2 protein chains.
Amino acid sequence: MTSRPRSQRTRKSPDQRRAEIVEAAAHIALGEGLELVTLRRIAEELGVRPGLIHHYFPVADHLVSEAFTHATTRERESLLPPAEEDLPPVDRLARFVVGLADGDHLDLSRLWLNARHLSRFKESLRLAVRTQESVTRAALVTLVQKGVRTGEFETDDALKAALYILVAVDGLGSYANDDSPPQDGPEIGDVAVETAETRLGLAPGTLRTRVRARSADPAP
Amino acid sequence: MTSRPRSQRTRKSPDQRRAEIVEAAAHIALGEGLELVTLRRIAEELGVRPGLIHHYFPVADHLVSEAFTHATTRERESLLPPAEEDLPPVDRLARFVVGLADGDHLDLSRLWLNARHLSRFKESLRLAVRTQESVTRAALVTLVQKGVRTGEFETDDALKAALYILVAVDGLGSYANDDSPPQDGPEIGDVAVETAETRLGLAPGTLRTRVRARSADPAP
DNA sequence: CCGCTTATTGGTCACCGATCCAATAACCTT
DNA sequence: AAGGTTATTGGATCGGTGACCAATAAGCGG
């Protein structure tokens, strides 16, 4: 009865295998932390021998930074997607800010916190963080500018407004690993939302309203 | 010639030795990171055998969290000292916010970032972080309230104002490990300073001015 | 001054990382 | 169908960590 689930050996194309590895690494990074993106852990995840991972990533740190980049990119595409023609900037901003301010996407906040710290010791990760940072910033600046053109936002310095919003978002992200009761008085998440509204001349409550409106009205 | 710097054995009182260990650990934590607060590393720092450290801290994690608490407490006492009767709230706030916003105290910002992330995995550290967080918050709230009473600050919600300032400060702290050129357009450090000024009804530039004034005028 | 408590030593052990490498076998090419 | 390329394996090595412990000696109290 010695079932032989020992799947012998499955040989895949380098591209495919590599993608598979990065995918698994990103998954672990997001769920368990970048320090658990280890040759053995990823190998285990894929049901493969550690040596194989080393074959594709001779330097383990590179896998770590790729995992971060991959996870981060995918998350951004869902949180701050590039212009959807039909969706006004206010709604796009609302999704981004509210999505991060509220409990959702805690994974992502933790990952950023993780990466920002770990980048102190890992050169390649530091570069990846910087890159992702500027991509995000660019996306947000573009969004703000578009909103200004459509008259939805009001600011004389789009870059500055974006920076303020990002600092607030990252500030909240600092608390991503707190597990204290959310009785922080003035709903801590509001800080980012209010900051965005203030900086862009939106009436208080606008952003949360837009999000609620959208989720209640799934099919236009 | 065999100099015998092998200091035989120096036996100290438990209290003294323990303090010495925590001191060394705090130093390493601040300068090299909490993950380097290791039995061996601290022992080396003190010219002592690792076993001794284990004798005082059977659970290594406790040393880590104590190191954080120690370092953090000392730094706070210099950055946000408890009421000095002669110093007006504006100046005390200025020292705190500007001190953190500008390049100084990078060590401290890195340590906080470090601790906030690492607390994801270390229970005892998580508690220490939460404690230090609330001590700092309480100190800042008290300061804001005092400023409101003296008429220097203007806000209808001291706690909220303090939270905003802290989020901005922590947001900046997120970038503590960046080594990119500081050409971030609108001086990134300004975000915290401006946030404080805005939230407390201070004229723009007030805080930086106060700091400059104080450092130019050492002896009253 | 001697004895006893205990701070301090100098190891051991198990665990878990990265890195490297020879041998194996999957699969494509001819 | 045979051969060759190389993806994949299964080790071994090395360095670092925490935990643990018997033995030693420092220095205090009698």
Side-chain angles (χ1 to χ4, degrees), chain A residues 4-25 28-29 32-68 114 117-118 120-125, chain B residues 4-25 28-29 32-68 114 117-118 120-125:
Chain A
R4 193 164 12 104
R6 298 257 145 274
S7 54
Q8 318 285 24
R9 218 180 247 210
T10 41
R11 186 192 178 108
K12 303 190 175 181
S13 87
D15 293 336
Q16 186 180 343
R17 184 63 90 179
R18 199 191 156 88
E20 195 177 293
I21 292 174
V22 172
E23 183 65 37
I28 303 273
E32 307 176 21
L34 289 168
E35 23 279 286
L36 289 183
V37 173
T38 194
L39 299 193
R40 286 172 175 72
R41 183 71 186 79
I42 304 298
E44 178 196 28
E45 189 79 0
L46 293 176
V48 144
R49 312 261 66 194
L52 182 61
I53 312 295
H54 174 263
H55 176 70
Y56 287 92
F57 291 89
V59 178
D61 282 0
H62 293 169
L63 177 54
V64 172
S65 52
E66 276 208 34
F68 168 75
N114 193 167
H117 163 64
L118 210 55
R120 174 176 182 179
F121 306 108
K122 295 187 187 298
E123 177 69 21
S124 62
L125 182 58
Chain B
R4 192 163 12 105
R6 298 259 145 272
S7 54
Q8 317 285 23
R9 218 180 248 211
T10 42
R11 187 192 178 107
K12 304 192 176 181
S13 88
D15 293 335
Q16 188 180 341
R17 184 63 91 179
R18 199 191 155 89
E20 195 177 293
I21 292 174
V22 172
E23 184 63 39
I28 303 275
E32 307 177 23
L34 289 167
E35 22 279 286
L36 289 184
V37 173
T38 195
L39 299 191
R40 287 172 175 76
R41 183 72 185 78
I42 305 299
E44 178 196 27
E45 189 79 1
L46 293 175
V48 145
R49 310 261 70 194
L52 182 60
I53 313 295
H54 174 263
H55 176 71
Y56 287 93
F57 291 90
V59 178
D61 281 0
H62 293 169
L63 177 54
V64 172
S65 52
E66 276 209 35
F68 168 75
N114 193 167
H117 162 64
L118 210 57
R120 175 176 181 178
F121 306 106
K122 296 188 186 299
E123 176 69 22
S124 62
L125 182 58

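Chain A is the first sequence line, chain B the second, and so forth, proteins listed ahead of strands; every chain is numbered from 1. Values reported hereafter were calculated over all heavy atoms of this structure, with side chains retained and with hydrogens, waters and symmetry mates removed. This structure is a prediction, so every number in the text was calculated from the model and none was measured.
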Exercise for review: Going 5' to 3' through nucleotides 17-30 of chain D, assign each nucleotide B (protein heavy atom under 4.0 Å from a base atom), S (under 4.0 Å only from sugar-phosphate atoms) or - (no protein heavy atom that close).
Suggested key: BBSB---BBBS---
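As a whole-Å value, the separation of A:I42 CD1 from C:dG17 C1' is 13 Å. Regarding B:Y56, its OH atom lies at a distance of 12 Å from the P atom of C:dT6, rounded to whole Å. Going from atom CG of A:L52 over to atom C1' of C:dA26 covers 13 Å, rounded to whole Å. Look at CZ on A:R49: it is 16 Å from C1' on C:dC20, rounded to the nearest Å.
Remark: A:E45 engages A:A24, A:H27, A:I28, A:R41 in a side chain to side chain contact (heavy atoms under 4.5 Å, CB included) (not counting sequence neighbours). The side chain to side chain contact (heavy atoms under 4.5 Å, CB included) check on B:E66 picks up B:R18, B:V22, B:F57, with sequence neighbours excluded. Every residue was checked against the side-chain hydrogen bond (donor to acceptor under 3.5 Å, both in side chains) condition with B:Q16, not counting sequence neighbours, and none meets it. Shown here are the salt bridge (charged side-chain N to carboxylate O under 4.0 Å, His left out) partners of B:R40, two or more places apart in sequence or in another chain: there are none. In this structure, the side chain to side chain contact (heavy atoms under 4.5 Å, CB included) partners of A:R17, at least two apart in sequence or on a different chain, are A:T10, A:K12, A:E20, A:I21, A:V48, A:L52, A:Y56.
Rounded to the nearest 0.5 Å, atoms CG (B:D61) and NZ (B:K122) are 4.0 Å apart. The line from OG1 of B:T38 to CD of B:E32 is 11.5 Å long, rounded to the nearest 0.5 Å.
The shortest side-chain heavy-atom distance between B:I42 and B:V37 falls under the 4.5 Å cut-off. In this structure, B:L118 and B:E35 have side chains that are in contact, with non-hydrogen atoms separated by less than 4.5 Å.
Side-chain N or O atoms of A:N114 include one that pairs as donor or acceptor with a backbone N or O of A:L34 at under 3.5 Å.
Axis orientation changes by 0° from one end of the helix from C:dC1-D:dG30 to C:dT30-D:dA1 to the other, with each end axis drawn from 5 pairs and the value rounded to 10°.
Within residues 13-25 of chain A, the residues that place at least one heavy atom under 4.0 Å from DNA chain D are, in residue-number order, A:P14, A:R17.
The two residues B:R49 and B:A43 make their nearest non-hydrogen contact at C-CB, 3.7 Å.
At D:dT8, none of the side-chain N or O atoms of A:H55 fall inside 4.0 Å of OP1 or OP2 (strictly under the cut-off).
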